[in-house]
Amino acid sequence: MRIPKAAELLAERLQDDIVSGRLRSGDALPSEARLMAAVGVGRPGVREAQRILESKGLLRMARGARGGAIVTHPTFRVVARSASLWLQYHGATLRDVYDTRTVLESAAAERSAESGHSDAVAALKVVAEAEHTALSDQTRWFELGLTFHHRLIAVANLRTLSVLSEMLMEVTEAQVRRRRGEIAPLAWQERAPTVTKSHSKIARLIESGDGQRARDFWRLHMDLAGAIFFDAEADETVSDFFDAQRAAELAQESTSTPKAAELVADQLRRQIVHGTLPQDHMLPPELQLAESFNVGRPALREALRILESESLIVVERGSRGGARIRTPVASATAESLGIMLQLGRTTVGDVYETRLLYERAAVRGLAGRLAPEHHRSLRLSAEAGAALVNDPERWASHAISFHQRLVELRGLVTLSYLSGLVHVVLDRHWAARVLPPRLRPEALHPASVQRLHMKLVAALDGGDADSLEALWGGHLENIHSQIVTAGDADTPLDFMRT
Ligand SMILES: [Zn+2]
Ligand SMILES: [Zn+2]
């Protein structure tokens with residue numbers, strides 16, 4: 001067993017207290033002595049539980065007289081960190097992450113135009129105006145530009161869409177900042193005014209309420225901005241999120257982690273995400289590892305604990321024990337994503353609306369681009385559904401995998417990954433509500449949904465982007481109205497069994 005069961009249970013219980021708001025950000029955790037007495041765990045178990053929570057960004061250890069374990073809420077960085085490990089391991093390119101951002105941001109622009117609040121649009125215009133006055137100050141102009149993109153997503157007023165977009169921005173941010181310094185002054189002087197003008201223009205388009213024009217315009221803008229920042233290295237894989245500079249930043253932020261341990265963890269992590277250390281590989285014994293990294297045993301142990309908290313190793317006890325390599329899995333990210341969404345009181349309707357936006361965009365993007373063999377495999381997948389319409393439990397999971405397959409065919413690793421995360425989050429919500437698959441939104445009315453899925457497959461053979469979008473958008477809106485009818489749309493996402 002990886003971690004003493006009692007420690008895991010205690011961590012889970014405390015996590016529930018934090019996510020439900022019984023423990024608030026800034027609160028001190030009950031003392032070790034009280035926790036030990038309350039749950040019958042020894043001191044090592046309490047410490048282990050604290051460490052698990054710390055790795056999830058739910059706790060920070062304060063030093064000094066008023067020190068102790070303080071409750072915090074995770075930042076986007078926690079989710080981004082976990083996502084970037086997966087993306088690196090699966091060889092996602094910077095271009096792929098950026099193109100997925102484009103899908104999400106242009107969907108945000110469209111929705112903002114259709115339902116954005118005027119206050120939020122006004123706030124967007126304030127930033128665009130500030131950009132015009134900052135054209136002579138590259139640093140300030142650049143930061144304002146980033147702020148603009150953050151605000152644009154916020155106007156759409158969907159929490160799930162925000163979290164996913166912010167997570168991707170965090171993944172690409174290090175690269176964008178690095179590239180900023182490399183842009184030749186002349187190129188910058190030429191391009192900056194164009195970029196700024198298009199920020200003003202999107203604000204006007206959103207205000208005018210023309211969703212489709214806003215979406216199409218923003219896609220062009222993203223292409224233009226992408227050309228400035230990523231042209232030369234677009235085909236590179238997501239470069240190390242944990243470069244030396246990042247490790248130093250982390251060491252400064254977290255007072256409890258010695259720098260040597262972070263650096264050792266950094267080197268091992270690199271070897272895992274680059275595949276040098278494969279799945280199930282056993283690391284050498286501690287003493288040998290400590291020697292090879294030229295660090296003491298406490299630092300090495302700390303490094304192993306960091307990697308364990310990131311689900312990149314499993315420490316097995318016993319005579320034949322040791323640290324076994326685990327390659328990055330999506331479920332680790334889904335866990336942190338779920339925590340963020342629950343803490344933000346994200347509603348079920350919000351998650352489904354976000355799914356609607358990117359799925360519809362993905363299907364639109366398939367027009368005229370689906371290779372014959374992919375079309376065939378999609379047809380086979382849809383046809384398999386016909387045999388399941390009278391078996392609601394299996395039908396439900398078939399329906400979800402059909403939706404997932406559609407997104408995958410769009411050809412963006414990052415978008416497929418996000419779609420998978422969203423499906424895990426929804427599954428955990430419905431599972432905690434003890435709602436059997438046959439009663440979930442995807443599973444209702446199997447026969448008519450099956451016909452619709454088949455209709456989409458047919459339309460993908462030569463159909464234009466607008467008709468595909470209308471067809472799939474209509475289907476997703478139907479699912480959404482079922483959630484509204486069932487009274488679930490405004491229910492906060494909740495993984496805790498009630
Ligand atoms: Zn921009
Ligand atoms: Zn469907």
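Keep in mind that the numbers below use all heavy atoms, side chains included, and drop hydrogens, waters and symmetry copies. Counting from 1, the numbers follow the sequence of the chain as shown.
Between Ile18 and Ile339 there is no side-chain heavy-atom pair separated by less than 4.5 Å. Put simply, the side chain of Leu23 reaches to within 4.5 Å of the side chain of Leu14, judged on heavy atoms. Side-chain contact between Lys56 and Gln15 is present, with at least one heavy-atom pair separated by less than 4.5 Å. When side chains are defined from C-beta on, Ile70 does not count as touching Leu59, because their heavy atoms never get closer than 4.5 Å. Between Pro328 and Val273, the closest side-chain pair of non-hydrogen atoms falls below 4.5 Å. The shortest side-chain heavy-atom distance between Thr75 and Val78 falls under the 4.5 Å cut-off. Counting heavy atoms from C-beta outward, Phe495 and Leu493 have side chains that approach closer than 4.5 Å. No side-chain heavy atom of Pro278 sits under 4.5 Å from any side-chain heavy atom of Thr327.
The backbone N or O of Gly338 lies less than 3.5 Å from a partner atom in the side chain of Gln342, making a donor-acceptor pair. Looking at His150, its side chain never comes within 3.5 Å of a backbone N or O of Glu166 through a donor-acceptor pair. In this structure a side-chain-to-backbone donor-acceptor pair under 3.5 Å is missing from Ser25 to Thr72. Although no hydrogens or angles enter the test, the distance criterion places a donor-acceptor pair under 3.5 Å between the side chain of Ser336 and the main chain of Ala332. Remark: side-chain polar atoms of His375 are not paired, donor with acceptor, to backbone N or O of Ala371 under 3.5 angstrom.
Of all the heavy atoms in Ser106 and Trp218, the pair that sits closest is N-CD1, 3.9 Å. Listed here is the closest heavy atom pair of Thr333 and Val79: CG2-O, 3.9 Å. In this structure, Ala11 and Leu53 approach most closely via the heavy-atom pair O-CD2, 3.6 Å. Across all their heavy atoms, Val46 and Glu32 have their closest contact at CG1-CG, 3.9 Å. Shortest non-hydrogen contact noted between Arg324 and Asp280 is NH1-O, 3.3 Å.
The pair Arg405-Glu359 does not count as a salt bridge, with every side-chain nitrogen at least 4.0 angstrom from each carboxylate oxygen. Taking 4.0 Å as the cut-off between side-chain N and carboxylate O, Arg433 and Asp488 do not count as a salt-bridged pair. Taking the charged nitrogens against the carboxylate oxygens, Arg22 and Asp16 have no contact shorter than 4.0 Å, which rules out a salt bridge. A salt bridge links Glu48 with Arg51: the closest approach of a Lys/Arg side-chain nitrogen to an acidic carboxylate oxygen falls below 4.0 angstrom. Using a cutoff of 4.0 Å between basic side-chain nitrogens and carboxylate oxygens, Glu286 and Arg297 are scored as salt-bridged.
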Please evaluate residues Tyr358 and Thr100 with respect to the criterion side-chain hydrogen bond (donor to acceptor under 3.5 Å, both in side chains), reporting the C-alpha separation (whole Å), side-chain torsions for both, the decisive distance (0.1 Å), and the verdict. CA-CA 9 Å; Tyr358 66 71; Thr100 301; over 6 Å; no
Salt bridge (charged side-chain N to carboxylate O under 4.0 Å, His left out) evaluation trace for Glu170 with Arg81: CA-CA 9 Å; Glu170 180 80 38; Arg81 188 177 149 113; over 6 Å; no
Pair Phe402, His453 - check ring pair (Phe, Tyr, Trp, His ring centres under 6.0 Å), show working. CA-CA 8 Å; Phe402 184 77; His453 285 185; 4.5 Å; yes
Arg305 vs Glu308, salt bridge (charged side-chain N to carboxylate O under 4.0 Å, His left out): CA-CA, chis, key distance, verdict: CA-CA 5 Å; Arg305 277 190 221 110; Glu308 198 181 12; over 6 Å; no
Tabulate below the donor-acceptor pairs under 3.5 Å that side-chain atoms of residues 408-416 make, not counting sequence neighbours, or state none.
unit_1	atom_1	unit_2	atom_2	d
Glu408	OE2	Gln404	NE2	3.1
Thr414	OG1	Asp96	OD1	2.5
Ser416	OG	Leu412	O	2.8

Result block: side-chain N/O donor-acceptor pairs under 3.5 angstrom for residues 154-162, not counting sequence neighbours:
unit_1	atom_1	unit_2	atom_2	d
Thr160	OG1	Asp350	OD1	2.5
Ser162	OG	Leu158	O	3.3

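Distance CD1/Ile479 to OH/Tyr352: 7.5 Å, rounded to 0.5 Å. Annotation: the span from Gln271 atom CD to Asp266 atom CG amounts to 10.5 Å, rounded to 0.5 Å. The distance from atom CG of Leu9 to atom CD of Glu12, rounded to the nearest 0.5 Å, is 6.0 Å. If you take CZ on Arg379 and CG on Leu456, they are separated by 11.0 Å, rounding to the nearest 0.5 Å. To the nearest 0.5 angstrom, Arg364 atom CZ is 11.5 Å from Leu366 atom CG. The line from NE2 of His149 to CD of Glu105 is 5.5 Å long, rounded to the nearest 0.5 Å.
For Arg13, the salt bridge (Lys or Arg N to Asp or Glu O under 4.0 Å) test picks out no residue, with sequence neighbours left out. Partners of Arg428 according to the side-chain hydrogen bond (donor to acceptor under 3.5 Å, both in side chains) rule, which considers only residues two or more places apart in sequence or in another chain, are Glu335. With sequence neighbours excluded, no residue forms a side-chain hydrogen bond (donor to acceptor under 3.5 Å, both in side chains) with Arg376. Asp223 is linked by a salt bridge (Lys or Arg N to Asp or Glu O under 4.0 Å) to nothing, counting only residues two or more places apart in sequence or in another chain.
In the displayed structure, Asn294 atom CG is contacted under 6.0 Å by at most 12 heavy atoms of other residues, nucleotides or ligands. Around atom CZ of Arg24, no more than 12 heavy atoms belonging to other residues, nucleotides or ligands sit under 6.0 Å away.
Proximity of the aromatic rings of His398 and His403 is defined here by a centroid distance below 6.0 angstrom, and this criterion is not met.
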